[in-house]
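Accompanying notes for the structure given below.
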Amino acid sequence: MPQHDRGQGRAARTPADIARLFDLAGSEAAAIRELDGCVARLHEVQAAKVALRDLTADELRAALASRRAVLGGEGA
C-alpha cells in the first residue's frame, strides 16, 4: 500500500513513474468498458450452456454430427 506521508520514508518518484501513474489512473473508463464486455460475454456463455442443456437427444446427436463433419472428423 503506498504511503501518503509526502516524502517521509519513501523514495522520490521519477517523472516516468508519475507518467505511468497518470496513464494508469486515466485508463479507468477503458477498464470499466472492458469489464462490462466480459460480464456481457459471461451472460452469453451461461445462456448458451442453458440452451445446450435443454437440447433433446435427437437435437444433440444432429448437432454433434454436424460439428464433426465441419471439423473433418466424419470417419472418426
Side-chain angles (χ1 to χ4, degrees):
M1 188 59 95
Q3 296 179 7
H4 298 286
D5 59 354
R6 296 257 182 232
Q8 296 182 1
R10 69 171 170 84
R13 291 191 174 102
T14 67
D17 292 336
I18 295 167
R20 280 190 294 275
L21 290 172
F22 274 118
D23 289 344
L24 186 57
S27 70
E28 181 178 15
I32 290 170
R33 282 191 305 274
E34 194 174 318
L35 181 59
D36 285 342
C38 290
V39 170
R41 176 84 171 126
L42 181 57
H43 287 295
E44 290 173 357
V45 167
Q46 290 172 333
K49 289 170 80 173
V50 168
L52 288 170
R53 182 194 67 209
D54 292 339
L55 290 176
T56 65
D58 287 340
E59 290 172 320
L60 184 57
R61 273 192 289 277
L64 290 173
S66 176
R67 282 182 59 88
R68 201 172 305 122
V70 168
L71 297 174
E74 305 96 39

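Only heavy atoms go into these numbers, but all of them, side chains included; no hydrogens, no water, no symmetry mates. Position 1 is the first residue of the sequence, and the numbers go up from there.
- Heavy atoms only, all atoms of each residue included: R13 and L21 are closest at CD-CD1, 3.8 Å.
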**Prompt:** How far apart are the C-alpha atoms of D23 and R20, what are their side-chain angles, what is the distance that settles it, and do they pass the salt bridge (charged side-chain N to carboxylate O under 4.0 Å, His left out) test?
**Reply:** CA-CA 5 Å; D23 289 344; R20 280 190 294 275; over 6 Å; no
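- Around the CD atom of E34, the shell of radius 6.0 Å holds no more than 12 heavy atoms that belong to other residues, nucleotides or ligands.
- No side-chain heavy atom of L64 sits less than 4.5 Å from a side-chain heavy atom of R61.
- Between the CD atom in E28 and the CZ atom in R33 there is a gap of 11.0 Å [rounded to 0.5 Å].
- Of the possible polar contacts, one joining the T56 side chain to the E59 backbone as a donor-acceptor pair under 3.5 Å is found.
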